[in-house]
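Okay, structure first, notes after.
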Amino acid sequence: MKADHGPPKRGFAFAVPGDIDTVTGGYLYDRRLGDAVSRIGHDVRFLRLGDSFPHPTGADMAGALAQLQAVPPDTPALVDGLAFGALDTEGLKQLRAPLVALVHHPLALEPGLGPDVARRMAAQEAANLALARHIVVTSPHIGGLLQDHYGVQAHRISIARPGVTPAVSSSVARAIPPLILSVGLQARRKGHDVLLHALSRITDLDWQAEIVGRAHEPDTARALRELCVALGLTDRVTIAGEVEQPVLDALYRRASVFALATRYEGYGIVFAEAMGHGLPIVSTRVGAVPGTVPPEAGHLVPVDDPEALAGAIRRLLTDDALRQERSDGALRVAADLPDWDATARVVADALFGPGAAGTEL
C-alpha cells in the first residue's frame, strides 16, 4: 500500500527588484512571505530583478522581462509591485506564466511625484494590473486604493496582511536613558525630518534616539544628517542607516518607544514588529496606520506636525503608567494579528487556487 505523503508541492517564481535581504518593510514582507510559503509546503524560486525599479534602466527592464519569460507556462509568477507596475506592458503581454501582482503601494500614488509623472505611471500601472491573473495586497487600505483609483474589481484582490514574528524572549534590558526607535527608509515619505524637529522640542528630557533605514534617497539622507547637526542633536540621535536583522531585533528589545512620523503608509510591517516587542507607538493619522495601530497601542497625530509628535512622545517618556498601559496594549494587538503562515496561505490560494478567488485574512 502506498504511503500518503499529502498534497504534492507546487512551485512558483517570486520576482523581487533589488536585494531581498534589505531590512525595510517591503523586503521584510517579501522575505518572510517566501519563507512561510516554503514552510507550508510550496517551492519558491526567487528572481532578483534590477534595483533601479520603479524607474528601471533599459538593462534592468530587459533583464526582468527575460527572467520572467523563462518561467514555464504552468508555473505562476508572483511579481513585487515595485517592479510589476513599471514593467513594459507590451513585454508583459508576451509572458507565458500566469502573473500575480503583489502590491505594497500603488507606484503612481507615491507622495512627491510630479503630476505628469504620476499620470504616466498610473496609466502604465493600470494597464499592467489588468494583465495580472490576480492581485495580492498587504492591507485593506491598499485594496481600496486599487478599486478607487485603478478600477480593479474586488474579486480580483486578495488581502494578505503582514504576519507577526513572535519576539524571542531575552534578558536584554530596556536602554537607559530611554531609547526612541524609528525604522524606515531615509526617504521624504517616512518623515524623519519631522521626527528630528519633534525631538528638538523635548531636549529637557533624558532620552536617546536611533533612526534605522537604508539611504533610499541620497538627497534626503544628506539633508537629515545636516538637520541633525543644525538642531544640535548629534550627541543624542544616531542615524544608523541599514543594519542587519539581529541588530534591529536587539534595538527593538532595548527601545522604550517606537516613533515614525510617516507622511504615508500603505500598510505597516514595522508597526506590527514594534508592537510584537511591546513598544508603544507614536505615529501619524494617515493611510493604513490607523487601521494598524489602535488607540490602546499608541498615539497618532496629524501629518507634518512636530509639535503634536513631540507632545505624544513626551507623554510616554514622562508617564510610566501610561507607557506600560500602551505597551501592554501593543502586545495584545500583536497577539491578535495573523502569523506568517496564515499570510502565506492567502498568497498560496491566490497563486494556486481555482480562479484565485479573492480572499482575506
Side-chain angles (χ1 to χ4, degrees), residues 24-25 104-106 108-113 115 118 138-145 148-149 178-205 207 209-213 216-217 220 223-224 227-228 230-231 233 236-237 239 255-275 279-319 322-323 325-327 329-330 333:
T24 58
H104 300 276
H105 175 63
L109 299 182
E110 179 73 19
L113 291 177
T138 52
S139 72
H141 174 73
I142 295 301
L145 288 180
D148 294 343
H149 292 270
L179 173 62
I180 302 163
L181 177 63
S182 188
V183 180
L185 292 171
Q186 293 179 52
R188 184 182 180 279
R189 177 165 64 90
K190 296 298 182 179
H192 295 314
D193 56 321
V194 181
L195 175 60
L196 290 176
H197 280 292
L199 294 176
S200 73
R201 288 165 164 79
I202 58 170
T203 52
D204 57 303
L205 302 178
W207 52 265
E210 188 144 352
I211 296 172
V212 174
H216 183 65
E217 297 170 357
T220 297
L224 287 174
L227 180 60
C228 193
L231 294 173
L233 296 175
R236 307 178 73 172
V237 176
I239 300 177
S256 292
V257 174
F258 183 89
L260 183 64
T262 182
R263 293 182 168 97
Y264 184 79
E265 290 295 320
Y267 64 119
I269 190 171
V270 292
F271 298 120
E273 297 264 315
M275 290 189 294
L279 292 183
I281 307 295
V282 177
S283 191
T284 52
R285 202 175 297 112
V286 66
V289 181
T292 305
V293 182
E296 67 184 287
H299 302 273
L300 303 184
V301 303
V303 175
D304 281 319
D305 191 338
E307 193 68 41
L309 195 77
I313 297 172
R314 178 183 291 276
R315 288 181 64 198
L316 289 172
L317 290 179
T318 58
D319 189 333
L322 176 65
R323 188 169 68 251
E325 181 182 308
R326 295 294 181 265
S327 174
V333 171

* Relative to each other, are the rings of Tyr264 and His141 parallel, tilted or perpendicular (30° and 60° limits)? -> tilted
* Non-hydrogen atoms of Ala297 and Ala330 that approach each other most closely -> CB-CA, 3.8 Å
* Looking at Ala261 and Leu309, what are the two nearest heavy atoms and their distance? -> CB-CD2, 3.7 Å
Side-chain donor/acceptor of [X] to backbone N/O of [Y], under 3.5 Å:
| X | Y | value |
| --- | --- | --- |
| Thr220 | Gln186 | no |
| Arg236 | Thr203 | yes |
| Arg201 | His197 | yes |

* Please walk me through it: do Val270 and Lys190 pass side-chain contact (heavy atoms from CB on, under 4.5 Å)? -> CA-CA 12 Å; Val270 292; Lys190 296 298 182 179; over 6 Å; no
* Using 4.0 Å as the upper bound for N to carboxylate O, is an ion pair formed by Arg189 and Glu110? -> yes
* Residues Asp204, Arg314: salt bridge by 4.0 Å N-O rule -> yes
* Quick one: does Ile180's side chain get under 4.5 Å of Leu317's, heavy atoms only? -> yes
Using atom types as modelled, flag every donor-acceptor pair under 3.5 Å from a side chain in residues 279-289 to any protein atom, sequence neighbours excluded.
residue, atom, partner, partner atom, Å
Ser283, OG, Leu260, O, 2.7
Thr284, OG1, Thr262, O, 2.6
Arg285, NH2, Leu300, O, 2.5

* Step by step, work out the side-chain contact (heavy atoms from CB on, under 4.5 Å) result for Leu195 and Ile313. => CA-CA 10 Å; Leu195 175 60; Ile313 297 172; 4.0 Å; yes
* Tell me, yes or no, whether the heavy-atom count around Arg323 atom CZ, taken from other residues, nucleotides or ligands under 6.0 Å, exceeds 12. => yes
When rounded to the nearest 0.5 angstrom, what distance separates [atom1] in [X] from [atom2] in [Y]?
| X | Y | atom1 | atom2 | answer |
| --- | --- | --- | --- | --- |
| Ile202 | Arg315 | CD1 | CZ | 13.5 Å |
| Trp207 | Leu179 | CH2 | CG | 10.5 Å |
| Cys228 | Asp193 | SG | CG | 12.0 Å |
| Ile239 | Ser182 | CD1 | OG | 10.0 Å |
| Arg326 | Glu296 | CZ | CD | 8.5 Å |

* Asked: Please walk me through it: do Leu199 and Leu231 pass side-chain contact (heavy atoms from CB on, under 4.5 Å)?
  -> CA-CA 9 Å; Leu199 294 176; Leu231 294 173; over 6 Å; no
* **With His192 via side chain to side chain donor-acceptor pair (under 3.5 Å) - residues at least two apart** => none
* Pro306 and side-chain contact (heavy atoms from CB on, under 4.5 Å): which partner among Val301, Leu196, Val194? -> Val194
